[in-house]
Amino acid sequence: MTNTAVDSPLLQPFRSGALDLPNRLVMAPMTRNRAASDGVPLPLMATYYAQRASAGLIIAEAATPNAVGQTYPNITAIHGAAHVAGWRRVTGAVRDAGGRMFLQIQHGGRVGHPATSGLTPLAPSSVPLPGTIFTPGGHRPAAVPRAMTPAEIRATVADFADAARNAIAAGFAGVEVHAANGYLLHQFLGQDTNRRTDAYGGSVAGRIRFVVEVVQAVAAAIGPERVGLRVSPGGTANGMDEGDTDAIYPALVDALDSEGLAYLHVVHADPGTAVFQEIRRRWRGVLIGNPVLGDTVPDDGGRRAGERLLAAGADLVALGRPFLANPDLVDRIRLGAPLNPVRDRYLMYVGGPTGYTDYPALAETLVPAP
Ligand SMILES: Cc1cc2nc3c(=O)[nH]c(=O)nc-3n(C[C@H](O)[C@H](O)[C@H](O)COP(=O)(O)O)c2cc1C
C-alpha cells in the first residue's frame with residue numbers, strides 16, 4: 001500500500017507566550033490508572049509518555065491536588081514529595097525524547113468515594129453523583145458529598161496553587177486546571193450541582209467565582225503563561241446538568257481573558273455551535289479545541305475534524321484516543337498512514353503494559369519488502 005503525504009495545517013509549528021510547539025497536535029489528558037495506589041507515577045508511565053513525545057504538546061492525565069480530591073483507584077497525584085519525584089521521571093523521559101508537557105490538575109468533588117480516598121467527598125452542595133462509582137472494591141453506589149465550608153473553599157484554592165508549584169518542581173512546563181467533565185470545578189459552574197446560597201453560588205457571577213479564584217491562585221503561583229484551563233460547555237459527563245450554559249461560559253471567559261493564560265481548552269468543540277463561536281469571539285488568547293469524534297475514532301484519526309476547528313479559529317487541536325492507540329500519531333498523519341485502532345476499551349483504565357505501552361509505532365508494523 002502506498003500512503004500519500006499530507007500537508008495539513010495541523011503540522012505547522014506554533015509559538016505563543018511560553019508555548020513553542022513543533023506542530024498543533026496536542027495529546028489530550030487521559031487518565032490511565034497506572035499509578036501506584038498512593039498516586040505516585042510508576043516507571044511504565046515514563047515509557048508511555050516518551051513514546052508520544054512527538055505531540056506538539058502533551059497534557060498529562062489528571063493529577064489530584066489533595067487527598068479528598070481523589071476520584072478513582074490508581075490515578076496520579078501531585079501533592080507530596082513522592083508524587084513530584086515520580087513525575088520527574090516522566091517529564092525527564094519526555095524531555096529526553098524531545099517533547100513538552102503540561103500536567104492536568106483535577107479535584108473530583110462529588111466524584112470520589114470513602115472506599116477509595118478514605119474521606120467523605122467534598123462538593124459545592126450535598127448533591128450526590130447519580131448512580132455508581134468505581135472503587136478498589138468494584139462499583140459502589142455514589143457517596144453523598146459534604147458541602148464545602150468557606151474555609152474548605154479557601155484551602156482547596158491553596159491546594160491547587162501548591163499542586164501547580166509541585167508540577168513545576170516535577171519538570172512540567174505548565175499545568176491545566178480541570179474545570180470540565182463534571183469534576184469539582186465544573187460542579188461549581190452548574191446550577192444542578194451548585195445550590196449554594198453564599199458568594200460561591202446562585203447567580204452566574206457566584207457560580208464562576210471558585211473557578212476564577214483557582215485559576216488566579218495558580219497563575220499567581222507559577223505565572224499565568226504556564227496555566228491552561230479546560231472546560232466542557234454543556235457537557236453532561238458525570239451527571240452534569242449546567243442549566244444556563246450560554247450564560248456561564250461567556251462570563252467565565254470574560255472574567256479570565258485578561259489574565260494572560262497559556263490557553264483555554266474546550267472539550268467537544270463544535271465549530272457549528274453558538275457557544276464555541278461565542279468563546280472564540282471573546283477569548284483573545286490561545287484556544288485548544290478537542291473535536292467531537294464520536295464513539296469510534298475515524299480512519300483519519302481526527303485530522304479533518306481538527307482542520308475544521310483550525311479553520312473556525314482554534315489555534316491547536318487536542319486528540320485523545322488517536323494518541324492513546326498511536327504513539328507516533330503525528331508521523332502517521334504526516335504520511336497519511338493507517339492508524340492503530342483502540343484495541344480494548346477495558347484496558348484504557350486498568351492494567352499494566354498491555355493496551356498501554358504496546359501499541360506499535362509505524363516502523364514496527366512495516367514488513368520489509370521481499
Ligand atoms: C481513557 C481516557 C481517559 C480520559 N481521562 C481524562 C482526564 O484525565 N482528564 C480529562 O480532562 N479528560 C479525560 N478524558 C477525555 C479526553 O481528554 C478527550 O476529551 C476525549 O477522549 C475525547 O477526545 P477523543 O475523541 O480525541 O478521544 C479521557 C478520555 C479517555 C478515552
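Counting convention: from 1, in listed order, for ligands and their atoms alike. One is the number of the first residue; the rest follow in order along the sequence.
The side chain of R230, and not its backbone, has at least one atom closer than 4.0 Å to an atom of ligand 1 (non-hydrogen atoms only; side chain from C-beta on). Counting heavy atoms closer than 4.0 Å to ligand 1, residue T31 contributes atoms from both its backbone and its side chain. Neither the backbone nor the side chain of V292 comes within contact range of ligand 1; no heavy atom lies under 4.0 Å. At a heavy-atom cutoff of 4.0 Å, ligand 1 is contacted by no atom of H268, backbone or side chain. Counting heavy atoms under 4.0 Å from ligand 1, residue A180 does not touch it at all.
Considering backbone and side-chain N/O of H178, one or more are found under 3.5 Å from N/O of ligand 1. At a 3.5 angstrom cut-off on N or O pairs, R321 counts as close to ligand 1. Annotation: E176 places no N or O atom under 3.5 Å from an N or O atom of ligand 1; distance criterion only.
Annotation: F102 is in aromatic contact with Y263 [ring centroid separation under 6.0 Å].
Cluster partners of L129, using a side-chain heavy-atom cutoff of under 4.5 Å among ILVMFWY residues and allowing indirect links, are Y72, I75, V111, I133, Y183.
For the pairing with D254, the salt bridge (Lys or Arg N to Asp or Glu O under 4.0 Å) check across R282, R284, R281 returns one residue only, R282.
Here the shortest heavy-atom distance to atom 17 (O) of ligand 1, taken over G302, A318, P29, G306, belongs to P29.
Looking from atom 30 (C) of ligand 1 to the surrounding protein, the closest heavy atom is Y349 OH, 3.6 Å.
For R304 and E307, the salt-bridge test fails: no basic side-chain N is under 4.0 Å from an acidic carboxylate O. A salt bridge is absent between R154 and E213: the closest approach of a Lys/Arg side-chain nitrogen to an acidic carboxylate oxygen does not fall below 4.0 angstrom. Under the 4.0 Å criterion applied to side-chain N and carboxylate O atoms, R15 and D315 are not assigned as salt-bridge partners.
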